[in-house]
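One structure is given here, and the rest of the page talks about it.
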Amino acid sequence: MNRNPKTPAVTVRVPAKVNVQLAVGPARPDGFHDLANVFLAVGLYDEITVTPADELRLTCDGPGSAEVPLDGGNLAARAATALAERTGRAPAVHIHIDKNIPVAGGMAGGSADGAGALLACDALWDTGLSRARLLQLCAELGSDVPFSLIGGAALGTGRGEQVRPLPVGDSFHWVFALAEGGLSTPAVYREFDRLAAAAGRPVPAPVASEALLRALRDGDAAALAAAVSNDLQPAALSLYPALADTLAAGTKGGALAALVSGSGPTTAFLTDAATAPAVAAALQDSGTCRAVRVASSPAAGATVTKASASAR
Ligand code: C5P
């Protein structure tokens with residue numbers, strides 16, 4: 001008998017990410033690109049709460065929630081459906097997303113919601129699936145979803161879905177500049193292919209930078225600043241030229257490094273702990289972005305933060 005009158009509920013907190021290295025290889029026959037993708041989870045979070053319902057239902061609030069699709073294509077809905085299928089039950093849950101990660105911003109907000117919904121449903125239904133099986137399901141959902149589950153720092157290879165955790169010696173401090181509107185990830189990869197073809201040079205196989213991995217391991221912000229790179233940046237700038245002004249404003253404001261976050265259009269600025277507020281103020285005052293956020297890394301991956309007694 002359920003002695004707890006409260007509806008069972010599970011809440012999971014999931015971080016955003018920045019790619020400190022995004023090395024992109026040539027397009028593969030399946031349309032994806034092989035990557036050497038160094039992910040770093042940052043302390044900006046979405047919260048996903050699941051409760052039993054008659055049928056799958058999705059709601060969302062928070063900044064930018066109006067742009068979040070609430071249909072079956074949403075990664076959170078797809079995650080619940082996939083886990084229900086694999087474990088022989090109906091995806092009868094209400095998923096609520098409390099959105100703080102920029103939408104379509106290159107910070108894996110959609111992937112975070114997929115990993116969060118998967119972990120929350122796993123706890124609600126007490127599926128007993130191993131971590132390895134959950135990671136495999138994440139990889140089927142999207143290239144960035146496994147990293148959202150594990151968090152911290154990791155090297156993603158293949159299309160980014162094969163993740164190996166990396167050691168990080170100390171906290172890094174970031175300012176993120178949010179842009180008006182979003183960029184479509186497939187469109188940015190297509191632009192990468194177009195620019196590569198136009199340059200007439202073969203695209204080399206992606207390789208992780210030893211200097212960058214060392215900088216992470218040593219917790220050395222100056223060395224990390226010298227090593228960050230994003231092969232998608234020229235493509236993102238080609239589709240969204242005004243991002244160059246934001247990058248310049250952050251650099252002028254004292255950032256150690258400035259780069260487009262993933263496929264953009266969010267831009268990321270590595271700072272010292274002491275200078276983050278000044279860099280944030282400079283970006284805000286520059287009028288080249290919609291909003292700024294300050295966050296540090298690494299951050300823990302998807303974590304159950306609340307589970308009512310009757311949920312287990
Ligand atoms: O895996 P995910 O669904 O997040 O990928 C979205 C799109 O981004 C893909 O359909 C593809 O166009 C592009 N992509 C890519 N190579 C990768 C990851 C994503 O071309 N490694």
Side-chain angles (χ1 to χ4, degrees), residues 14-41 46 48 67-69 71-83 97 101-118 134-151 154-164 182-198 202-209 229-240 260-266 301-302:
V14 201
K17 61 85 183 162
V18 62
N19 308 86
V20 284
Q21 184 187 5
L22 185 45
V24 182
R28 313 190 312 199
D30 65 2
F32 286 90
H33 297 70
D34 277 325
L35 304 179
N37 190 352
V38 183
F39 293 103
L40 193 55
D46 280 359
I48 291 89
E67 287 102 71
V68 175
D71 56 17
N74 184 296
L75 270 174
R78 285 176 48 208
T81 303
L83 186 66
I97 301 169
I101 303 175
V103 179
M107 297 191 76
S111 300
D113 299 343
L118 190 77
L134 290 180
L135 273 172
Q136 204 181 334
L137 269 170
C138 286
E140 289 169 23
L141 289 166
S143 307
D144 288 349
V145 184
F147 178 71
S148 295
L149 190 72
I150 68 168
L155 172 61
T157 52
R159 56 181 232 278
E161 88 286 12
Q162 294 160 32
V163 282
R164 177 166 66 81
L183 275 174
S184 142
T185 303
V188 175
Y189 275 102
R190 274 197 303 276
E191 184 66 1
F192 171 89
D193 293 338
R194 192 188 69 76
L195 291 174
V203 177
V207 181
S209 152
S229 68
N230 179 359
D231 287 355
L232 291 183
Q233 183 159 313
L237 285 170
S238 166
L239 297 176
Y240 201 140
V260 170
S261 179
S263 56
T266 304

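Counting convention: from 1, in listed order, for ligands and their atoms alike.
Under the 3.5 Å distance criterion, with hydrogens and angles disregarded, a donor-acceptor pair is assigned to the side chains of Ser238 and Glu191.
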Inset, instruction - Before giving the answer on side-chain hydrogen bond (donor to acceptor under 3.5 Å, both in side chains), spell out for Ser263 and Thr185 the whole-Å C-alpha distance, their side-chain angles and the decisive distance to 0.1 Å. - result: CA-CA 6 Å; Ser263 56; Thr185 303; 3.2 Å; yes

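The aromatic rings of His33 and Phe192 lie perpendicular to each other, with more than 60° between the two planes, well past the 30° mark.
Legend: residues meeting salt bridge (Lys or Arg N to Asp or Glu O under 4.0 Å) with Asp34, ordered by chain and number and at least two apart, are Arg28.
Applying side chain to side chain contact (heavy atoms under 4.5 Å, CB included) to Val188 and the options Val24, Leu239, Val260 leaves one that passes, Leu239.
Near ligand 1, heavy-atom contacts under 4.0 Å come from Gly31, Phe32, His33, Leu35, Gly142, Ser143, Arg159, Thr185, Pro186, Tyr189.
Taking all atoms of both residues into account, the shortest heavy-atom contact from Ala79 to Ala117 is CB-CB, 4.3 Å.
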